[in-house]
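The structure appears below as structure tokens.
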Amino acid sequence: MAECCHKLTSCACALVDNWHDSNQVKVSSHRKPEVPCFFIFGDSLSDNGNNNVLRTVAKVNYPPYGIDFPGGKPTGRFSNGRTAVDIIGQHLGLHFIPPHINASSVDISKGLNYASGAAGILCESGYMLGERITMDQQLLNHLATISELALMKGSKIFDHLSKCLYYVNIGSNDYVNNYFSFQLGYWRRYFYTPERYATLLIERYAVQLKALHSYGARKFLVSGLGAYGCAPVVVLLTNATSKSGCVDLVNDSVQLFNTKLKSLVDELNREFTDSKFVMLNSYDLLLGLSGAEGFKHFYNSSCCVAPRAGLCQPEKAPCPNRSEYIFWDNFHPSDKANAVMVGQAYSTDNRTILYPINISSLAKL
């Protein structure tokens with residue numbers, strides 16, 4: 001699974017007492033969902049249990065993860081509660097989309113979550129953490145799902161898929177666990193400037209998004225990368241001393257990717273007039289949380305007890321004031337942070353946050 005893939009077709013590597021009610025999006029059983037189906041691709045920011053069955057350190061099927069998720073038990077989500085994509089689904093009027101590992105026991109026509117912790121755009125990204133389902137393999141898994149759906153829907157399969165929302169949030173591991181990692185970063189940075197590396201990622205990403213379009217996807221919500229230079233794991237490991245309190249080199253590199261991703265969105269919208277590609281500006285949303293909405297802890301602190309470079313320690317009690325923390329562990333946002341970011345973005349008319357239209361408008365197309 002650690003081998004790098006060059007061709008898509010041949011790739012085998014694959015609720016807290018002090019929580020505010022406004023952060024809890026309710027799904028009415030009488031509300032008609034804005035889309036009939038929701039398919040999700042990405043990494044640990046979206047993974048809801050797919051890594052539970054893999055041989056990897058990038059899995060969180062243990063307490064205190066899930067402490068604020070309905071039921072209070074760990075599900076495999078890298079959060080104390082919901083992920084951002086969980087909350088997007090709730091805004092759409094959907095119940096939580098099941099992970100791909102549960103595909104045999106759920107109604108796959110309503111969607112699946114293929115995301116996998118440590119996955120990247122490039123197949124080798126995150127290999128040092130163990131098994132993961134790369135973006136290429138997630139696409140192959142979705143292709144298998146479509147084959148099953150075709151048996152159910154027959155000639156109506158592509159009409160059904162055209163109404164679904166497709167969410168893709170991937171690329172963080174291509175930086176944190178590749179370009180800036182101890183294991184891969186030296187030779188990557190030797191051969192690739194940040195500009196060239198961002199181009200490499202975008203070129204590969206374009207192939208992957210076009211493949212998804214060829215499978216029948218028509219409504220795309222593509223997330224840009226967050227300000228990972230402000231994540232506790234990055235700040236603590238590098239002893240950041242910049243005025244911003246973040247690691248500027250990492251943030252500047254991520255922004256090169258985001259700028260190129262916006263250009264790719266424009267290109268894809270011109271090329272595929274039967275579709276709509278929308279970019280979510282996660283970078284500004286994350287930075288905008290600092291000092292807002294009652295948050296008191298940001299750059300160098302996480303809520304749970306975590307090693308400098310890692311996830312929460314098993315069974316260790318997390319902080320009691322979780323609504324004050326932007327980061328749950330040393331890399332992943334808290335339930336409240338996710339809720340505030342999605343709440344700000346879902347129906348916004350601010351084109352710097354959602355481009356060129358918002359999520360609500362995309363769903364109604």
Side-chain angles (χ1 to χ4, degrees), residues 42-47 57-58 60 64-65 77-81 83-85 115 117-121 125-126 128-129 169-185 194 198 201 223-258 280-293 295-313 318-319 322 324-342:
D43 51 35
S44 59
L45 294 169
S46 304
D47 188 350
V57 298
V60 290
Y65 286 93
R77 288 170 170 82
F78 290 69
S79 176
N80 59 306
T83 63
V85 75
I121 295 170
S125 296
M128 70 289 291
L129 301 178
N169 183 359
I170 199 157
S172 63
N173 289 296
D174 296 290
Y175 283 96
V176 177
N177 287 309
N178 190 331
Y179 194 70
F180 289 111
S181 73
F182 294 115
Q183 293 89 339
L184 290 174
L201 294 178
S223 178
L225 301 183
Y228 300 134
C230 299
V233 65
V234 178
V235 173
L236 293 171
L237 284 176
T238 58
N239 295 313
T241 57
S242 69
K243 186 177 180 179
S244 68
C246 303
V247 181
D248 292 340
L249 175 61
V250 175
N251 278 346
D252 291 345
S253 299
V254 163
Q255 280 291 65
L256 287 172
F257 175 91
N258 288 337
L280 175 63
N281 182 352
S282 297
Y283 188 96
D284 284 351
L285 282 171
L286 183 61
L287 285 183
L289 293 178
S290 181
E293 296 286 345
F295 292 113
K296 298 180 181 179
H297 307 275
F298 189 21
Y299 305 123
N300 60 356
S301 58
S302 60
C303 175
C304 73
V305 179
R308 284 167 63 90
L311 304 170
C312 302
Q313 291 185 5
C319 67
R322 295 187 281 282
E324 297 179 0
Y325 282 76
I326 290 175
F327 286 97
W328 161 244
D329 60 19
N330 276 346
F331 188 78
H332 305 93
S334 65
D335 178 288
K336 183 184 174 183
N338 286 325
V340 171
M341 288 189 289
V342 174

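As the structure is a computational prediction, the values presented were derived from the model and not from experiment.
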Can you tell me how far apart [atom1] ([X]) and [atom2] ([Y]) are? Round to the nearest 0.5 Å.
X: F295; Y: S334; atom1: CZ; atom2: OG; result: 5.0 Å
X: S44; Y: I170; atom1: OG; atom2: CD1; result: 10.0 Å
X: S302; Y: N80; atom1: OG; atom2: CG; result: 11.0 Å
X: F180; Y: Y228; atom1: CZ; atom2: OH; result: 13.0 Å
X: D284; Y: Q255; atom1: CG; atom2: CD; result: 6.5 Å
X: F327; Y: F298; atom1: CZ; atom2: CZ; result: 5.5 Å

Exercise for the section: Just say parallel, tilted or perpendicular for the rings of W328 and Y65, cut-offs at 30° and 60°. Expected result: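 Plane angle over 60°, so perpendicular.
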Handout entry: Mutual orientation of the aromatic rings belonging to H332 and F78 [parallel < 30°, tilted 30-60°, perpendicular > 60°]
Key =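 The arrangement is tilted - the two ring planes meet at 30° to 60°.
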Practice task
With side chain to side chain contact (heavy atoms under 4.5 Å, CB included) as the test, would you mind laying out the steps for F257 and I121 before giving the verdict?
Solution key: CA-CA 12 Å; F257 175 91; I121 295 170; 3.9 Å; yes
Practice task
Would you please test R322 and D335 for side chain to side chain contact (heavy atoms under 4.5 Å, CB included) and show each step?
Solution key: CA-CA 9 Å; R322 295 187 281 282; D335 178 288; over 6 Å; no
Closest heavy-atom pair and its distance - [X], [Y]:
X: F331; Y: A231; result: CD1-CB, 4.0 Å
X: G117; Y: D47; result: N-OD2, 3.0 Å
X: P307; Y: Q313; result: CD-CG, 3.9 Å
X: P194; Y: Y179; result: N-OH, 3.2 Å
X: V340; Y: L289; result: CG1-CD2, 3.6 Å
X: L45; Y: P333; result: CD2-CD, 3.8 Å

Set of residues satisfying side chain to side chain contact (heavy atoms under 4.5 Å, CB included) with respect to [X], sequence neighbours excluded:
X: V57; value: L129
X: N251; value: A227, C230, C246, Y283
X: S282; value: S223, L280

Exercise for the section: Measure from the side-chain N and O atoms of N281 to the backbone N and O of G224, and report whether any donor-acceptor pair falls under 3.5 Å. Expected result: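 Flag not set: sc N281 to bb G224 has no pair under 3.5 Å.
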Practice task
Check whether any side-chain N or O of N258 sits under 3.5 Å from a backbone N or O of L225 as a donor-acceptor pair, and report yes or no.
Solution key: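 Answer holds: yes.
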Exercise for the section: Check whether the SG atoms of C304 and C312 are less than 2.5 Å apart, and answer yes or no. Expected result: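 Yes - the two cysteines, C304 and C312, have SG atoms within less than 2.5 Å of each other.
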Practice task
Consider only side-chain N and O atoms of S125 and D174, and report whether a donor and an acceptor are under 3.5 Å apart.
Solution key: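 Short answer, yes.
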Practice task
Classify the side-chain pair D43/S172 by whether it contains a donor and acceptor separated by less than 3.5 Å.
Solution key: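 Yes, S172 and D43 have a side-chain donor paired with an acceptor closer than 3.5 Å.
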